[in-house]
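Take a look at the structure below.
Starting from 1, each residue takes its place in the sequence as its number. Bear in mind the structure is a predicted one, so any value in this text is a computation, not a measurement. Ligands are counted one by one from 1 in listed order, and the atoms in each one are counted from 1 as well.
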Amino acid sequence: MAKFLIVEARFYAHLNDMLIEGAKAALESAGHEAQVITVPGALEVPGAIALAAESDQYDGFIAIGVVIRGETYHFEIVAGESARAIMALTMDGIPIGNGILTTENEEQALVRADPAQKNKGGEAAQAAIRMLELAEKFS
Ligand SMILES: Nc1c(NC[C@H](O)[C@H](O)[C@H](O)CO)[nH]c(=O)[nH]c1=O
Ligand SMILES: CC(=O)[C@@H](O)COP(=O)(O)O
C-alpha cells in the first residue's frame, strides 16, 4: 500500500469535492491510502507538493483544482504556471498526477469533475499511481 497526498486548490469547493471523490475512489480501489491538504489556489499547489515531497512522508501526489477563465490574462498565468511547475516537479522524479482543470466555463468543469462523467480526478490519481510504479521500477 502506498501513501498519496491530494493537494487541492480549493477555489471552487463543489467542483473540488467531485474531483477528490474520484481521486479517492481510484486510490482506494488500488489499495492505496489518501490524505488531503488544502491551499488557496492552483498557483500554490506546486509549492505545497514540493514541501510535502521534501518531508518524505508520501509516495505520490495528486494535484486537484479548477481554473476557469475570467476577463483577464490571469487565467493564462494560473493555468499555465501551475501546470509548468507541476511538470517540473514530475521531471525531478516526484510521482504526480495533475487533476487541475483549466476550462472556459463552469459547465465544462462540471462535466470533467464529475466521477460519473469524465472523472478527471480519478484519471489524475491513476496517473500518479502509474508514475509511482515507474519510479519504483527504475530506482
Ligand atoms: N482564478 C483562479 C485562481 N487564482 C488564484 C491563484 O491560484 C493564487 O491562489 C493567487 O494568485 C494567490 O497566489 N486559482 C485557482 O485555483 N482557480 C482559479 O480560477
Ligand atoms: C483564472 C483566473 O484567475 C480568473 O478566475 C480571474 O478572473 P479575472 O481574469 O476576471 O480577474
With side chains defined as the heavy atoms from C-beta onward, is the minimum distance between Leu101 and Tyr12 less than 4.5 Å?
no
Following the transitive rule for hydrophobic clusters with a side-chain heavy-atom cut-off under 4.5 Å over Ile, Leu, Val, Met, Phe, Trp and Tyr, establish whether Leu19 and Ile86 coincide in one cluster.
no
Heteroatom proximity flag, Arg69 to ligand 2, N/O under 3.5 Å
no
Val7 side chain near Ile64 side chain, heavy-atom distance below 4.5 Å
no
Among all protein non-hydrogen atoms, which one is nearest to atom 11 (O) of ligand 2, and what is the separation to 0.1 Å?
Thr72 OG1, 3.7 Å
Of all the non-hydrogen atoms in the protein, which one sits nearest to atom 6 (C) of ligand 2, and at what distance?
His74 ND1, 4.3 Å
Side chain or backbone of Val66 under 4.0 Å from ligand 1, or both, or neither, by non-hydrogen atoms?
backbone
Nearest non-hydrogen atom to atom 11 (O) of ligand 1 belongs to which of Ile100, Leu43, Ile68?
Leu43
I'd like to check whether Tyr12 has a polar contact with ligand 2, where a contact means an N/O of the residue lying under 3.5 Å from an N/O of the ligand.
no
Note the single closest protein heavy atom to atom 18 (C) of ligand 1, along with its residue, its atom name and the distance in Å.
Phe11 CD2, 3.4 Å
Relative to ligand 1, is Tyr12 under 4.0 angstrom through side chain, backbone, both or neither, heavy atoms considered?
side chain
Only pairs under 3.5 Å count here: list side-chain donor-acceptor contacts from residues 119-130, not counting sequence neighbours, and write none if there are none.
{"unit_1": "Asn119", "atom_1": "OD1", "unit_2": "Gly122", "atom_2": "N", "d": "3.2"}
{"unit_1": "Lys120", "atom_1": "NZ", "unit_2": "Glu123", "atom_2": "OE1", "d": "3.3"}
{"unit_1": "Lys120", "atom_1": "NZ", "unit_2": "Glu123", "atom_2": "OE2", "d": "3.3"}
{"unit_1": "Arg130", "atom_1": "NH1", "unit_2": "Glu133", "atom_2": "OE1", "d": "3.0"}

Can you check whether Arg10 reaches Asp17 side chain to side chain, under 4.5 Å on heavy atoms?
yes
Look at atom 7 (O) of ligand 2 and say which protein heavy atom is nearest, naming residue and atom and giving the distance to 0.1 Å.
Gly70 CA, 3.6 Å
Is the shortest heavy-atom distance from the side chain of Ile96 to the side chain of Phe61 under 4.5 Å?
yes
What residue and heavy atom of the protein are closest to atom 10 (O) of ligand 2, and at what distance?
Glu71 N, 2.7 Å
Test your reading of the structure: does Ala42 have an N or O sitting under 3.5 Å from an N or O of ligand 1?
yes
What atoms of ligand 1 come within less than 4.0 Å of a heavy atom belonging to Val67?
17 (N), 18 (C), 19 (O)
Stepwise side-chain contact (heavy atoms from CB on, under 4.5 Å) test for Glu76 and Arg69
CA-CA 8 Å; Glu76 271 68 27; Arg69 187 180 296 279; 2.7 Å; yes
Which pairs would a plain distance check flag for residues 30-47, meaning a side-chain donor or acceptor within less than 3.5 Å of a matching protein atom at least two apart in sequence or in another chain?
{"unit_1": "His32", "atom_1": "ND1", "unit_2": "Ala2", "atom_2": "N", "d": "3.0"}
{"unit_1": "Gln35", "atom_1": "OE1", "unit_2": "Tyr58", "atom_2": "OH", "d": "2.8"}
{"unit_1": "Thr38", "atom_1": "OG1", "unit_2": "Glu8", "atom_2": "OE2", "d": "2.6"}
{"unit_1": "Glu44", "atom_1": "OE1", "unit_2": "Gly41", "atom_2": "N", "d": "3.0"}

Numbering as shown, the atoms of ligand 2 that approach Val67 to under 4.0 Å (heavy-atom distance)
1 (C)
Let me know which of Glu107, Glu106, Gln108 forms a side chain to side chain contact (heavy atoms under 4.5 Å, CB included) with Glu104.
Gln108
Identity and separation of the nearest protein heavy atom to atom 9 (O) of ligand 1:
Glu44 OE1, 2.6 Å
For atom 1 (C) of ligand 2, closest protein heavy-atom neighbour
Ile68 O, 3.3 Å
More than 12 heavy atoms of other groups within 6.0 Å of Glu54 CD
no
